[in-house]
Structure formats: C-alpha cells, structure tokens
Amino acid sequence: MHTSQWRVRWRIEGVRPENRTEGGRGLARNPFHFTEGHGNPASSAGVTERAVIPADQDEPSWAVGGSYQVIRIIRLATDFWDRDSIHEQERIIGRRRDGRWLDGTPSDEQPVFAADPHGKTTPLDAHVRRAAPDRRRLPPPMVRRSYNYHQGTEDQGLIFSCFQRVLDKGFEAVQHRLQGEAMSKYTLTVGGGYFFVPPPGDAWLAAAT
Ligand code: HEM
C-alpha cells in the first residue's frame with residue numbers, strides 16, 4: 001500500500017522455517033521446534049469465515065473485506081525450553097512436534113478432551129487445551145500466521161500474528177484463557193499491537209478519507 005502520507009514506522013524481519021502447505025493449511029516450524037498451523041482452517045472459505053469482515057457486521061462499508069490483526073512480539077526462552085525432554089515439551093504444548101495429538105488422534109482430526117477430564121493425557125494447562133478447550137464446539141474464530149525472529153544471540157522468539165473478524169471473540173478470548181498455561185514460564189511478550197488490515201485494492205481509501 002503506497003500513499004504519499006504513509007511511511008514505514010517500524011519493522012522486524014521474520015522467517016518461517018519449513019514453510020509449506022499440507023491439506024490446505026500453511027505450516028511452519030517455530031523456535032520451540034513445534035509445527036504451527038494445524039489449528040487453522042484448511043480452506044480459503046474457512047479463513048474468510050474466521051478472519052474477513054463481512055458486510056453484515058455493523059462496520060463502516062470501507063472496512064468490509066478487511067481484517068483485524070493482532071501482532072505480539074513474544075520472546076522465547078529457548079535455552080531453558082531445550083533443557084526439557086521432548087515428552088515434557090509435548091505435554092506443555094498439547095500436541096506432538098509434528099502436530100499429532102497426545103492421545104494419538106491424527107493432526108487433522110479432533111481429539112475428544114471430554115474423554116480425558118483430568119488431563120492425564122493432555123494436561124489441562126497445555127497450550128492447545130487452553131486455547132481451544134472444547135473440541136465439540138467451534139474452534140477459536142481466528143487465523144494464525146506467525147514468523148520466527150532472531151535478533152543477536154539472546155533474543156529470539158515468535159512474531160505472533162493473527163487475523164479475526166472480531167477482536168474480543170478471537171485473540172482476546174483466547175489470550176484470556178491462556179493465562180496460567182504451562183508454557184507461560186518460557187515466554188515474555190515484549191511488544192505488539194492491534195492493527196486494521198484494509199481490504200485488497202484501494203477502493204476503500206476514497207470511502208475512508
Ligand atoms: C508464545 C508463543 C506461542 C507458541 C510457541 C505457540 C505454539 C502453538 C503450537 C505449536 C500450536 C499447535 C499447532 C497449531 O494448531 O498451530 C498452537 C496452537 C494454537 N495457538 Fe499458539 N503459540 C503461541 C502463542 C499463542 C498466542 C499468543 C495465541 C492467542 C492468543 C495462540 C493461539 C493458539 C490457537 C488458537 C491454537 C489452535 C488451537 C486449536 O484449535 O487446536 N498461541 N500454538
């Protein structure tokens with residue numbers, strides 16, 4: 001997007017190691033060595049349903065087709081993390097590194113957490129269990145697309161990025177549930193913000209100004 005009044009105010013470089021598409025989902029490997037992206041929708045219709053603002057959402061007409069984006073710069077204590085066994089790491093995330101569920105359910109199917117009410121197989125404070133607790137209901141209405149960053153020798157982590165139609169049902173509801181998750185002692189959020197991503201093209205600009 002280029003207009004004469006716009007300029008870059010801030011930037012950070014990120015990468016997506018092992019970036020690929022499998023079963024319609026974009027996948028990559030995060031700095032904790034886990035595959036990210038399995039919980040996203042597999043079709044572009046699913047992405048639109050979770051992330052793109054529809055005409056009947058009580059938003060200004062120029063916002064229709066856009067999305068609310070949340071970015072969080074999350075520093076990860078990778079040295080500390082790497083001291084744990086893979087088994088322990090998998091119990092903290094709630095999936096295996098390749099995305100399979102801890103009860104053996106394939107990565108693109110849904111486990112029944114209700115069959116494990118005390119968290120014997122998937123701990124109650126595991127990341128995915130907190131993020132999306134009830135597998136029989138709809139998944140959180142957001143689409144994630146994060147990048148790894150690496151600055152200097154000590155500072156590395158995730159440029160967490162997600163898109164949604166409504167912030168309080170998407171990012172904010174999930175972030176609230178993540179409070180107290182087992183992964184929190186390995187993470188430190190050091191920056192980020194809320195952004196509006198305009199619809200493709202520049203027709204919206206005339207309507208918005
Ligand atoms: C601290 C850095 C984070 C790491 C390392 C991380 C890692 C992961 C991993 C490995 C998965 C499982 C694979 C997948 O579904 O993509 C996952 C799932 C998920 N994460 Fe995160 N995540 C982080 C932060 C966050 C934050 C800040 C949020 C939102 C507030 C979030 C929301 C979710 C959601 C909604 C899922 C999918 C749950 C599901 O439907 O199964 N994550 N995350």
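Below, each value reflects all heavy atoms present in this structure, side chains not excepted, and no hydrogens, waters or symmetry copies. Atoms within each ligand, like the ligands themselves, are counted from 1 in listed order.
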Numbered in order shown, the ligand 1 atoms found under 4.0 Å of a heavy atom of L158 are 2 (C), 3 (C), 4 (C)

If you take the nearest heavy atom of each of Y186, F160, F171, which one is closest to atom 28 (C) of ligand 1?
F160

Relative to the heavy atoms of G37, which atoms of ligand 1 are at a distance of less than 4.0 Å?
14 (C), 16 (O)

Please list all pairs passing the side chain to side chain donor-acceptor pair (under 3.5 Å) test where one or both residues lie in residues 23-35, with sequence neighbours left out.
E18-R29, N30-E36, H33-D82

Which of the atoms in ligand 1, numbered in the order shown and given with their element, are less than 4.0 Å from a heavy-atom of N30?
5 (C), 7 (C), 10 (C)

Can the positive tip of R16 be found less than 6.0 Å from the middle of the six-membered ring of Y147, inside 45° of the ring normal?
yes

Mind checking what makes side-chain hydrogen bond (donor to acceptor under 3.5 Å, both in side chains) contact with Q156, not counting sequence neighbours?
T78

Proximity to ligand 1 by part of T35, non-hydrogen separation under 4.0 Å
backbone

Shortest reach to atom 6 (C) of ligand 1 by a heavy atom, considering only E36, R29, Q89
E36

Does some non-hydrogen atom of R72 fall short of 4.0 Å from ligand 1?
no

What are the atoms of ligand 1, with element, lying closer than 4.0 Å to any heavy atom of T187?
1 (C)

Distance (rounded to the nearest 0.5 Å) between R165 CZ and E59 CD:
11.0 Å

With a 4.0 Å heavy-atom cut-off (strictly under), which part of W81 contacts ligand 1: side chain, backbone, both or neither?
neither

cation_pi(R129, F113) dist<6.0 Å, angle<=45
yes

Is it true that F196 and Y68 have ring centroids separated by less than 6.0 Å?
yes

Check: S146 side chain, S161 main-chain N or O, donor-acceptor pair, under 3.5 Å:
yes

Ring-plane angle category for F171 and F160, please: parallel below 30°, perpendicular beyond 60°, tilted otherwise.
tilted

Subset of ligand 1 atoms that lie under 4.0 Å from at least one heavy atom of I93
10 (C)

Are any of the side-chain nitrogens in E181 or R130 under 4.0 Å away from the carboxylate oxygens of its partner?
no

Best match, M183, Q110, H33, R144: closest heavy atom to atom 3 (C) of ligand 1
M183

Would you mind listing which atoms of ligand 1 come within a distance below 4.0 Å of any non-hydrogen atom of F34?
10 (C)

Quick check against the 3.5 Å criterion: does D84 have a side-chain atom that pairs as donor or acceptor with the backbone of E88?
no

So if I count the atoms of ligand 1 from 1 in the order they appear, which ones are less than 4.0 Å from some heavy atom of W101?
41 (O)

Quick check: does G39 get an N/O under 3.5 Å from an N/O on ligand 1?
yes

For N/O/S atoms only: which one belongs to H127 and is nearest atom 21 (Fe) of ligand 1?
NE2

One finds that the ligand 1 atoms under 4.0 Å from a non-hydrogen atom of Q175 are 27 (C), 30 (C)

